[in-house]
2 protein chains.
Amino acid sequence: MANDSSYKDKKVITIGIVRDLTGLSERQIRYYEERKLIFPERSAGGSRKYSFADVELLVEIANKIEDGVQTHEIRKEMLRAQKKQNQNEITRKMIQGQLNAQFGLRKGPSS
Amino acid sequence: MANDSSYKDKKVITIGIVRDLTGLSERQIRYYEERKLIFPERSAGGSRKYSFADVELLVEIANKIEDGVQTHEIRKEMLRAQKKQNQNEITRKMIQGQLNAQFGLRKGPSS
DNA sequence: AAACCATGTCAGGTAACCTTACACAATTGT
DNA sequence: ACAATTGTGTAAGGTTACCTGACATGGTTT
């Protein structure tokens, strides 16, 4: 209901493939996780699983680091960006609420 | 130039994940490959890599098999479907060619 | 100078994957 | 009726891929 449900966000890519797609070392990829910049899921056995969105994010992270930004700063940026995103979400819901109140829309069943 | 370049066709999913996504056994997935219904890529070390498109195709295949269609038949269907697809592609190119001839468009450099 | 950053690398261990082979019920072909 | 094929399970033995933890190191920060 809230999203794409599409391929981009499904966590299905193992770290070796991510390495190949990004050119980063596994060490780097794991380190950025340790620094809380990226959040893979895990398989039952403990293997990391990433999404295409994660892959793109990793590339951005790597670029910033190359520009001398440290993980600590990157993390702050990300939190800021996400806060803004949350705010938008809230705003959207508020407006939706206003409309519902004005025009008496109901949350009808799916279709 | 010819395609989406997007996530759907990138071969990045290992067989274990495909198993989880489709509910098929690894045996089945490998068998359908043996019957030439599906064509994963391979990692350097020999592990199979599938795309989301492959995953969807596998589900379709499994459905047909459940309906009693044999791999042999499914393969024929697929070849037929692909031939039609190729024909469309050819048609498209022919029309494009006609237009180019009519209006003298050049294949200029990329942008 | 002490602490931290980002990364490489090595070791030992487990999970995930590979191929080959045998089995077998069910279906299809002759 | 019988032989061949289909689709799937399962087991063995082997290799690849991934995991964590630890030590090393040259550059920054503090």
Side-chain angles (χ1 to χ4, degrees), chain A residues 10-52 54-80, chain B residues 10-52 54-80:
Chain A
K10 278 216 162 139
K11 308 257 184 175
V12 296
I13 313 180
T14 54
I15 197 168
I17 309 266
V18 174
R19 169 179 30 67
D20 295 345
L21 291 176
T22 61
L24 301 174
S25 69
E26 295 184 18
R27 182 67 166 91
Q28 288 175 301
I29 298 168
R30 295 200 188 99
Y31 181 66
Y32 301 155
E33 177 182 359
E34 188 182 322
R35 303 318 303 270
K36 306 219 195 282
L37 300 180
I38 192 98
F39 304 93
E41 289 181 1
R42 296 289 184 130
S43 75
S47 297
R48 275 167 260 249
K49 299 187 299 182
Y50 303 85
S51 66
F52 280 110
D54 290 334
V55 169
E56 293 185 2
L57 181 51
L58 278 168
V59 171
E60 285 177 39
I61 291 168
N63 286 146
K64 289 187 185 168
I65 284 186
E66 240 176 318
D67 293 352
V69 186
Q70 28 186 88
T71 52
H72 189 250
E73 268 315 305
I74 297 175
R75 175 149 169 74
K76 275 196 218 159
E77 286 178 32
M78 284 174 50
L79 290 177
R80 258 175 275 150
Chain B
K10 279 219 160 136
K11 308 256 185 178
V12 297
I13 313 182
T14 55
I15 197 168
I17 309 266
V18 174
R19 169 179 31 68
D20 295 346
L21 291 176
T22 62
L24 301 174
S25 69
E26 295 183 18
R27 182 68 166 91
Q28 288 175 300
I29 298 168
R30 295 200 188 98
Y31 180 66
Y32 302 155
E33 175 182 1
E34 188 182 321
R35 304 318 302 274
K36 307 221 194 290
L37 301 180
I38 192 96
F39 305 93
E41 290 181 359
R42 296 286 184 133
S43 75
S47 297
R48 275 167 261 250
K49 298 187 299 181
Y50 302 85
S51 67
F52 280 109
D54 290 334
V55 169
E56 293 185 3
L57 181 51
L58 278 168
V59 170
E60 286 179 37
I61 291 168
N63 286 146
K64 289 187 184 168
I65 284 185
E66 240 177 317
D67 293 351
V69 187
Q70 330 191 145
T71 52
H72 188 250
E73 267 316 303
I74 297 174
R75 175 149 169 76
K76 276 196 217 157
E77 285 178 33
M78 284 174 52
L79 290 177
R80 259 175 276 151

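The model shown is predicted, which means the values in this text are computed figures rather than measured ones. By convention in this document, chain letters (A, B, ...) are assigned in the order of the sequence lines, proteins followed by strands, and residues within each chain are numbered from 1.
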Rounding to an integer number of Å, can you tell me how far [X] [atom1] sits from [N] [atom2]?
X: Glu33(B); N: dT8(D); atom1: CD; atom2: P; result: 15 Å
X: Glu34(B); N: dT8(D); atom1: CD; atom2: P; result: 12 Å
X: His72(A); N: dC4(C); atom1: NE2; atom2: P; result: 12 Å
X: Ile29(A); N: dT20(D); atom1: CD1; atom2: C1'; result: 16 Å
X: Lys64(A); N: dC5(C); atom1: NZ; atom2: P; result: 18 Å
X: Leu24(B); N: dG7(D); atom1: CG; atom2: P; result: 14 Å
X: Asp20(A); N: dT16(D); atom1: CG; atom2: C1'; result: 13 Å
X: Tyr31(A); N: dG8(C); atom1: OH; atom2: P; result: 12 Å

Which parts of nucleotides 14-30 of chain C does protein reach within less than 4.0 Å, heavy atoms only, written one letter per nucleotide 5' to 3' as B for base, S for sugar-phosphate only and - for none? -SSSSB--------S--
May I ask you to verify if any side-chain N or O of Tyr32(B) is less than 4.0 angstrom from the OP1 or OP2 atom of dT8(D)? yes
Ignoring backbone atoms, test whether Thr71(B) places a side-chain nitrogen or oxygen under 4.0 Å from the OP1 or OP2 oxygen of dG7(D). yes
With a 4.5 Å heavy-atom cut-off, do [X] and [Y] have their side chains touching?
X: Lys36(B); Y: Arg75(B); result: yes
X: Asn63(A); Y: Glu66(A); result: yes
X: Ile74(B); Y: Tyr32(B); result: no
X: Leu58(B); Y: Val18(B); result: yes

Can you tell me which residue among Lys49(B), Arg27(B), Arg42(B) is in a salt bridge (Lys or Arg N to Asp or Glu O under 4.0 Å) with Glu33(B)? Arg42(B)
With distance as the sole test, does Asp20(B) use its side chain to make a donor-acceptor pair with the main-chain N or O of Ile17(B) at under 3.5 Å? no
